[in-house]
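Report on one structure; see the data block that follows.
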Amino acid sequence: MIKLLIIADDFTGVLDTGVQFAKKGIPTFVGVNQELDLEFIDKNIQVLAIDIESRHIQPDQAFKRVEKIVKKAKAYGIEYIYKKTDSTLRGNIGSELTALVKAAGSQELMFIPAFPNNNRVTIDGYHYVNEIPLDQTIFAQDPFEPVKHSYIPDIIKEQTQINVVVTNYKNFEFIDSDNEKVDTIYIFDAKDNSDLKEIGIVLKRKDKLKVMAGCAGFAEILSELLELEAKNIHFKKNSIGTLVISGSINEVSINQMNYAQKHGYESITLTPEQKLQEDYLDTHEGEKLLERIVERISINEDFIIKAVENRDQMHETDEYANKLNIAMNKVHLKIAENMGRLVKKILDKKHVGTLVVFGGDTVLGIMKAIKCYGIIPREEVVPGVVVSDVISDDYKLNIITKAGGFGNEDILIQIKNYLKKGE
């Protein structure tokens with residue numbers, strides 16, 4: 001029986017949160033289709049995580065998606081709901097958190113946005129990445145959802161007038177006062193994992209775990225607090241045959257690709273035509289591209305297919321998108337869709353045991369292309385880098401996923417060493 005529903009706004013996010021439960025043996029299922037019928041979920045599943053793909057849509061649309069799935073969950077009898085937010089607070093934060101409060105009928109939402117294991121911390125309501133205020137990091141330059149503030153209430157207030165209170169587990173007693181009852185989001189400070197644990201203890205004691213939000217950091221604490229039943233689950237890694245796909249244009253991912261190339265990885269960077277032209281792979285040039293990639297993978301399993309060599313190349317892509325009359329806010333989705341098609345054609349010609357994919361949009365594009373209807377998260381290579389089984393009628397493989405901004409420079413070397421360990 002499903003006890004916890006996790007709602008995420010992108011695919012890497014839903015996986016890096018769901019795996020916090022799965023790696024402890026708690027049966028967890030990640031749904032690819034947000035219209036998933038809860039009645040058909042295996043009765044042994046205790047945690048259901050769903051990506052509603054709401055990061056890049058309008059705030060009112062995001063509100064409706066959250067509202068719809070929360071009402072469905074409440075009607076089904078799911079006890080706990082966790083709105084997974086981006087660890088750098090991109091996307092429709094205010095709109096989605098407000099939708100959760102109202103659809104759940106709770107009047108209170110506990111928001112714990114810190115992820116100390118990935119150097120995201122919250123102090124006095126301000127969010128920091130690697131000790132730098134959020135609005136001064138590379139995430140403030142995100143081409144799709146740049147973060148304009150470090151103070152979290154300011155981020156929330158961009159999309160909603162809901163009451164916001166900054167607090168911590170030491171002064172949380174005021175919530176039980178006789179103040180006028182209004183819908184309120186409580187933002188908790190946390191600078192390390194011990195803070196997260198203390199927050200969890202306080203919230204459990206006060207029975208405030210029913211409606212929550214945060215990233216993978218607090219989700220790991222939740223797996224202990226909700227008293228979910230662990231199972232003895234066997235997981236076999238595919239150590240042979242790996243293909244790296246990076247649709248991310250985050251500088252962190254770009255630096256990781258460059259580092260890997262200096263340490264034995266071969267790569268190909270897709271041209272604007274290859275990324276955006278819908279029927280490119282059906283052309284003679286597209287067939288030659290596919291043949292070349294399959295040939296190179298057969299020779300060198302340390303192979304990368306990437307969307308960009310550097311951020312400057314996005315200008316060329318945008319110019320070509322303009323020629324094709326593709327709206328700028330749809331370019332990233334078209335790239336993900338075409339990269340998904342390319343991966344499917346590669347898999348049809350060459351056995352690949354493990355896909356390594358950077359970027360949530362890219363992961364979803366691939367999953368749609370291979371008609372994947374679910375994913376079972378298994379464990380983490382490092383925090384935020386998730387290993388999962390793909391559930392598909394036609395393809396048997398593992399997938400390792402990472403959000404664009406996660407991981408050290410040598411992450412691909414770490415993944416390679418992890419896979420070499422076998423079972």
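Only heavy atoms go into these numbers, but all of them, side chains included; no hydrogens, no water, no symmetry mates.
Looking at L134 and L89, their side chains come closer than 4.5 Å, going by heavy atoms from C-beta outward. Residues I50 and I7 are not in side-chain contact: their nearest non-hydrogen atoms beyond the backbone lie 4.5 Å or more apart.
Under 4.0 Å is where a charged nitrogen must lie from a carboxylate oxygen, and between K197 and E224 no such pair does. Comment: E295 does not engage R292 in a salt bridge, judged by the lack of any side-chain N to carboxylate O separation of less than 4.0 angstrom. For the pair K349 and E291, the salt-bridge criterion is not met [side-chain N within less than 4.0 Å of a carboxylate O]. Taking the charged nitrogens against the carboxylate oxygens, D393 and K371 have no contact shorter than 4.0 Å, which rules out a salt bridge.
Under the side-chain hydrogen bond (donor to acceptor under 3.5 Å, both in side chains) test applied with D9, the options K84, R55, R65, K83 reduce to a single match, R55.
Interatomic distance, CG of L97 versus CD1 of I187, reported as 8.5 Å (0.5 Å rounding). Taking NE2 of H149 as the reference point, atom CG of D135 lies at 8.5 Å (rounded to 0.5 Å). Here K306 contributes atom NZ and S246 contributes atom OG; the two are 8.5 Å apart, rounded to the nearest 0.5 Å.
Side chain of N300 to main chain of R296: no donor-acceptor pair is present (N/O by atom type, distance under 3.5 Å, no hydrogens or angles). Looking only at distances, a side-chain donor or acceptor of S253 sits under 3.5 Å from a matching main-chain atom of G404. Between the side chain of K72 and the backbone N or O of Y76, no donor-acceptor pair lies under 3.5 Å. At least one donor-acceptor pair under 3.5 Å links the side chain of Q313 to the backbone N or O of E309. Q46 places a side-chain N or O within donor-acceptor distance of the main-chain N or O of E229, the cut-off being under 3.5 Å. No side-chain donor-acceptor contact under 3.5 Å links N408 to the backbone of D410. Q414 places no side-chain N or O within 3.5 Å of a backbone atom of V382 that could act as its donor or acceptor partner.
With hydrogens and angles left out, the side-chain atoms of H127 and T122 include a donor and acceptor closer than 3.5 Å.
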Q: Kindly indicate, with the supporting measurements, whether the criterion side chain to side chain donor-acceptor pair (under 3.5 Å) is fulfilled by Y395 and D348.
A: CA-CA 9 Å; Y395 304 93; D348 288 341; 2.6 Å; yes

